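Worksheet: one structure, shown below.
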Amino acid sequence: MARGERKGFVARWLEGKERSEEYARSTLPTNRFGLFWDILKGRFWRLIITNLLVLVTFLPLIAVLVFRWLMIGSQGLAGPFGGGLGVGYPAIPNILGAAEEMVFGTDLLFFGLLIPAMVIAGLGISGGMYIIRNMLWTEGIFVANDFARGIKRNYWNVLEAVLIFSVLLFLAKTTGNLADWLVARGAPNAGWMIASKVIGYIFVALSILICLWMISLGVNYKQGPWQFFRNAVVMTFGTFPQTIFFAACALWPFFLTIFASGILMAIGLGLMVFLSFAYAMLVWMDYCQWAFDRFVNPNIGVATGRGLYDKNKIKGPNAKGDPAMESEAMLEYKRRIVALGKSKLVCRPIKPIDDDLEIYQLPESFSREDLQKLRASKQKVVDDVEAYAEEHKDDEQFVEYNRQFEEQEKALKSQEEDGKKKKKKVKRPEMLNKRR
């Protein structure tokens with residue numbers, strides 16, 4: 001057996017792995033975890049550029065949060081409870097609830113400003129998510145162009161999600177601050193007020209998960225506003241443990257920045273400037289692509305595993321490696337292939353033109369007798385062809401060809417019956433119907 005040329009270290013280093021004899025497509029990522037690391041290592045600088053573009057749209061939101069923090073801190077130093085002159089200056093006879101009242105008024109302003117700030121941030125989310133989706137689909141990326149294209153295609157879907165979250169956050173924060181103020185002033189039924197505060201924050205936490213799903217659905221599929229919200233709720237509660245885990249994995253750099261202090265806070269700020277937004281989008285969209293391949297795409301006839309190399313893919317007319325092969329759209333495609341694929345030129349004998357039969361040629365001036373001769377010659381050819389087909393209809397090549405198509409028709413029919421049985425057993429909610 002001939003052996004390949006053994007190359008030295010310098011030659012292998014100069015040529016690269018993709019030119020070596022051992023290179024194959026099987027070295028490509030075969031799962032979502034491998035695809036995540038492949039993008040993180042191979043397109044790191046593009047992730048940084050994407051993060052900077054998204055960060056620009058988040059600057060108004062960051063400014064609102066920073067000014068709120070400074071305002072509350074300054075009020076704590078200059079308020080009637082921090083002046084150092086008894087109860088402070090100017091004198092207030094009763095400072096019970098004064099701090100809570102100041103926080104209530106401040107948050108009413110800044111959380112109201114948070115809504116238009118998040119509307120602006122939605123520009124960066126829509127553009128950044130579109131870039132990350134194309135990376136996960138292993139498509140060519142032009143960061144600036146794709147960022148603008150993502151805003152144009154996905155902004156209204158993202159806007160719906162950020163408005164739901166920001167308005168719900170404003171209401172929950174206002175209700176919580178009002179409850180704190182009334183409890184500090186000694187209002188009755190304090191337990192119910194605290195309970196309303198807790199319930200409001202639980203709704204905010206759930207809205208984060210639902211809005212994350214709405215954004216990913218909006219980037220991948222086309223549907224109406226109500227359908228997006230309904231499908232996001234279905235995906236949130238249908239994959240609740242996985243959703244919580246991957247949302248935490250995606251958002252931990254922001255939690256580090258907001259809740260940590262000292263060196264950890266500095267690390268969080270550095271990550272936010274260069275990587276946090278792109279990293280969060282990459283983790284979340286990678287998980288969503290896995291969920292779509294498992295729960296959505298097979299039901300709507302969309303091929304799964306986009307961006308991955310499937311080394312175990314089964315090839316052939318009866319392949320069942322991809323769940324999308326069993327979808328209604330794929331079954332309809334198979335029906336057309338079976339209907340159009342049985343060629344009349346192959347499935348039955350056709351006599352070759354190798355005899356003396358000829359069609360009578362009419363002269364320039366012909367009579368009724370000539371027309372009868374023409375008709376008789378045509379009929380003779382037809383009879384001869386039919387006699388040949390009848391004589392050779394049991395030949396092996398035609399029997400085998402027709403048998404293969406009959407097997408395909410039976411297999412398709414049984415597959416349709418199995419699909420109907422599955423639909424009767426498992427009643428899934430109506431999900432998405434068109435992919436972007």
Side-chain angles (χ1 to χ4, degrees), residues 32 111 114-115 118-119 121-122 125-126 128-130 132-133 136 150 153-176 195-251 254-255 280-302 304 323 327 422-423 425-436:
R32 293 294 172 187
F111 277 84
L114 203 68
I115 297 175
M118 291 199 70
V119 170
I125 295 173
S126 56
M129 281 289 195
Y130 183 74
I132 298 299
R133 189 208 68 174
L136 291 169
R153 297 184 62 176
N154 305 315
Y155 179 66
W156 296 111
N157 297 326
V158 174
L159 179 63
E160 179 185 356
V162 298
L163 282 178
I164 290 175
F165 172 71
S166 58
V167 171
L168 189 58
L169 179 63
F170 172 78
L171 295 176
K173 189 64 178 176
T174 302
T175 304
S196 66
K197 178 180 177 180
V198 173
I199 292 173
Y201 289 150
I202 291 175
F203 274 105
V204 170
L206 288 176
S207 71
I208 294 176
L209 305 178
I210 294 173
C211 291
L212 285 174
W213 274 113
M214 290 180 67
I215 292 171
S216 57
L217 287 168
V219 174
N220 281 268
Y221 304 97
K222 290 182 180 180
Q223 278 203 324
W226 167 245
Q227 290 172 315
F228 270 130
F229 178 77
R230 180 179 62 83
N231 291 329
V233 173
V234 171
M235 295 299 293
T236 300
F237 290 99
T239 61
F240 196 68
Q242 300 96 321
T243 295
I244 292 179
F245 175 77
F246 284 100
C249 290
L251 299 177
F254 302 101
F255 296 148
M281 293 177 181
L282 179 60
V283 172
W284 180 252
M285 285 297 291
D286 195 20
Y287 160 65
C288 289
Q289 295 302 319
W290 168 83
F292 295 153
D293 285 344
R294 185 167 183 179
F295 303 111
V296 180
N297 293 338
N299 298 332
I300 62 175
V302 176
T304 60
S327 66
K422 288 181 180 180
K423 287 181 179 180
K425 291 180 180 179
V426 182
K427 188 177 180 181
R428 293 188 178 96
E430 182 186 355
M431 283 299 292
L432 307 163
N433 54 19
K434 192 173 182 182
R435 191 164 189 164
R436 282 187 177 274

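If you're wondering where the values come from, they're calculated on a predicted model, not measured in any experiment.
Once rounded to the nearest 0.5 Å, the distance linking CG of L169 with CZ of F111 reads 5.0 Å. Taking CZ of R32 as the start and SG of C288 as the end, the distance is 10.5 Å to the nearest 0.5 Å. With values rounded to the nearest 0.5 angstrom, M118 atom CE is found 10.5 Å from L159 atom CG. How far CH2 of W226 is from CD of E160: 10.0 Å, rounded to the nearest 0.5 Å. To the nearest 0.5 Å, the span separating CG on N154 from CE on M129 amounts to 10.0 Å. Interatomic distance, CD1 of I208 versus CD1 of I164, reported as 13.5 Å (0.5 Å rounding).
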F229/M214 under side-chain contact (heavy atoms from CB on, under 4.5 Å): CA gap, chis, key distance, verdict: CA-CA 6 Å; F229 178 77; M214 290 180 67; 3.9 Å; yes

Should L206 and F240 be marked as a side-chain contact (heavy atoms from CB on, under 4.5 Å) after you check the CA-CA gap, both sets of side-chain angles, and the distance that decides it? CA-CA 10 Å; L206 288 176; F240 196 68; 4.0 Å; yes

L114/F170 under side-chain contact (heavy atoms from CB on, under 4.5 Å): CA gap, chis, key distance, verdict:
CA-CA 8 Å; L114 203 68; F170 172 78; over 6 Å; no

Point to revise | Working for side-chain contact (heavy atoms from CB on, under 4.5 Å), residues Y221 and N231 | key: CA-CA 11 Å; Y221 304 97; N231 291 329; over 6 Å; no

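Residues T304 and F292 are not in side-chain contact: their nearest non-hydrogen atoms beyond the backbone lie 4.5 Å or more apart. W284 places none of its side-chain heavy atoms less than 4.5 Å from the side chain of I215. Contact check for N220 versus Q289: side-chain heavy atoms found under the 4.5 Å cut-off.
In terms of heavy atoms, Q223 sits closest to F228 at O-CE1, 3.0 Å. I115 and L163 get closest at one heavy-atom pair: CG2-CD2, 4.2 Å. Minimum interatomic distance between G200 and A172 (heavy atoms only, all atoms of both residues): O-CB, 3.7 Å. Shown here for I132 and L282, the closest heavy-atom pair between the two residues is CG2-CA, 3.6 Å. Shown here for N157 and G218, the closest heavy-atom pair between the two residues is ND2-O, 3.4 Å. Closest approach of G128 to M281, counting heavy atoms only: C-SD, 3.6 Å.
The closest donor-acceptor contact from the side chain of S216 to the backbone of W213 lies under 3.5 Å.
The aromatic rings of F295 and W290 sit perpendicular, their planes meeting at an angle over 60°, well past the 30° parallel limit.
With a 6.0 Å radius and a threshold of 12 heavy atoms from other residues, nucleotides or ligands, F245 has its CZ atom at or below the threshold. Atom CZ of F203 has 12 or fewer heavy atoms from other residues, nucleotides or ligands within 6.0 Å.
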